[in-house]
Protein chains: 2
Amino acid sequence: MIRIRMVIRYDGTNYAGYQVQPNGNTIQAELEKALRKMHKGEQVKVVASGRTDARVHAVGQVIHFETPLHIPMANWKRALGSLLPDDIQVVSADQVSEEFHARYDAKGKEYRYYVHHAHEHDLFRRHYTHHVRAELDIVRMKEACSHLEGEHDFTSFCSPKTDIKGTKVRTIYKAEVTKEGNDIVFIFRGSGFLYNMVRILVGTLLEVGRNERKPEDVKRIIEAKNRNEAGKTAPPQGLFLWEVFY
Amino acid sequence: MIRIRMVIRYDGTNYAGYQVQPNGNTIQAELEKALRKMHKGEQVKVVASGRTDARVHAVGQVIHFETPLHIPMANWKRALGSLLPDDIQVVSADQVSEEFHARYDAKGKEYRYYVHHAHEHDLFRRHYTHHVRAELDIVRMKEACSHLEGEHDFTSFCSPKTDIKGTKVRTIYKAEVTKEGNDIVFIFRGSGFLYNMVRILVGTLLEVGRNERKPEDVKRIIEAKNRNEAGKTAPPQGLFLWEVFY
């Protein structure tokens with residue numbers, strides 16, 4: 001058996017999320033179905049760096065699995081890719097040691113969130129951006145971001161639906177807001193992210209940008225350790241799992 | 001009764017085309033369904049500048065219809081827009097004279113065709129571009145374009161499935177190829193376009209770009225007045241009805 005690590009990219013629009021669940025199509029189910037075809041009906045268990053929610057996208061999700069197949073590594077990308085639907089792509093495939101684990105070995109992740117900031121929504125990017133028409137003060141959002149960086153208990157930015165029982169302390173290495181044409185892009189790099197954390201961060205930052213909160217309120221929200229103190233959860237379609245670091 | 005002219009925009013991905021047909025969802029059917037709701041169940045006939053095929057998009061399709069409703073013009077866009085699915089948008093609405101006709105009065109149209117020219121397809125734009133991996137010589141395609149401009153009988157660039165019985169003489173005012181990042185964009189402005197004409201033009205130009213035909217072959221193809229002489233029909237998803245001129 002050899003262990004393979006793959007970087008995959010997907011359009012989450014038509015999926016109930018990454019992880020296999022009783023109802024709804026998932027990315028994991030599609031990957032395992034394609035691998036089963038390659039393995040003559042044998043089940044191949046796929047492990048990812050983490051889940052993504054329904055309608056959330058990935059440009060750099062990382063998975064691993066084990067296989068007894070003797071396929072040259074250079075052919076894996078095309079072999080599996082040709083069996084996947086056109087909204088899931090294999091970016092790269094590499095053989096890794098038997099100790100490599102896509103989830104446990106992840107040292108951090110980068111997420112990006114795209115807001116289309118214009119009077120009208122861009123019809124052709126409606127599945128990949130969150131449309132905001134209101135005025136947004138970028139300087140205020142940048143200041144709020146600076147209060148997010150560092151090691152904090154992010155309980156206030158975690159959905160109560162989480163199944164995490166341990167610590168909610170995480171480190172955000174970088175929290176950034178930039179403008180790309182009509183888009184406002186939020187970039188978060190951190191040691192790890194809690195359930196819905198990036199979407200709650202973005203929802204809160206947008207409230208700061210709309211002058212509904214002060215940038216320094218973010219400090220108070222973190223200290224409160226109470227989900228009700230933070231802003232609304234931003235919708236899923238603007239969110240991209242950008243990169244996983246090992 | 002007043003006559004209203006609207007500019008509409010749509011993502012054709014999930015439609016069987018513009019025009020109502022027995023099987024499959026169409027843009028016209030969605031427009032008429034939304035208008036019927038506004039008119040308490042009364043049928044409102046919508047006339048467009050012309051059809052678009054399944055999976056073809058529009059950023060500037062023009063329609064007209066008549067209504068007995070007394071709604072301020074400024075409210076029409078939102079009133080109809082709120083009843084349409086999220087892949088059809090109203091860009092503008094204006095009252096026009098009773099003589100205005102979206103199809104008969106159209107003096108010309110502009111179409112654009114987007115080719116994503118890269119080793120890998122952009123997953124998030126797969127419904128809005130045609131992916132071409134092969135090398136393409138833009139200079140050759142530009143030269144071929146110059147032979148398309150002017151008044152010609154475009155029989156060779158018309159699908160035999162057309163229901164046009166009259167002349168196939170049309171004037172192309174502008175045929176252009178430009179590069180926008182990793183995209184190659186074909187722009188055609190003309191007095192009118194035959195069935196599948198833009199897609200056959202693009203398919204033929206791509207063959208010139210791949211060195212499978214010479215730029216000056218285009219002259220011979222036009223003269224042949226035979227669909228078999230032209231190139232393949234490029235796929236629908238890269239095509240946008242960009243503007244209609246009156």
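As the structure is a prediction and not an experimental result, all values here were calculated from the model. Residue numbers start from 1 in every chain, and the chains themselves are labelled A, B, ... in the order their sequence lines are given, proteins ahead of strands.
The closest side-chain heavy-atom distance from Phe124(A) to Tyr10(B) is not below 4.5 Å. A 4.5 Å side-chain heavy-atom check between Asp11(A) and Arg126(B) finds at least one atom pair inside the cut-off.
How far CG of Asp122(B) is from CZ of Arg9(A): 7.5 Å, rounded to the nearest 0.5 Å. Rounding to the nearest 0.5 Å gives a distance of 6.0 Å between CG of Asp86(A) and NE2 of His127(B). With rounding to the nearest 0.5 angstrom, the CD1 atom of Ile88(B) is 9.0 Å from the CG atom of Leu123(A).
For Arg133(A), the CZ atom is densely surrounded, since the number of other residues' heavy atoms within 6.0 Å is greater than 12. The number of heavy atoms from other shown groups lying within 6.0 Å of CZ (Arg3(B)) is above 12. Other residues, nucleotides and ligands contribute more than 12 heavy atoms inside 6.0 Å of the CD atom of Gln43(A). More than 12 heavy atoms of other shown residues, nucleotides or ligands fall within 6.0 angstrom of atom CD in Gln21(B). For Lys232(A), the NZ atom is loosely surrounded, since the number of other residues' heavy atoms within 6.0 Å does not exceed 12.
Remark: the backbone N or O of His121(B) is paired with a side-chain donor or acceptor of Gln89(A) at under 3.5 angstrom.
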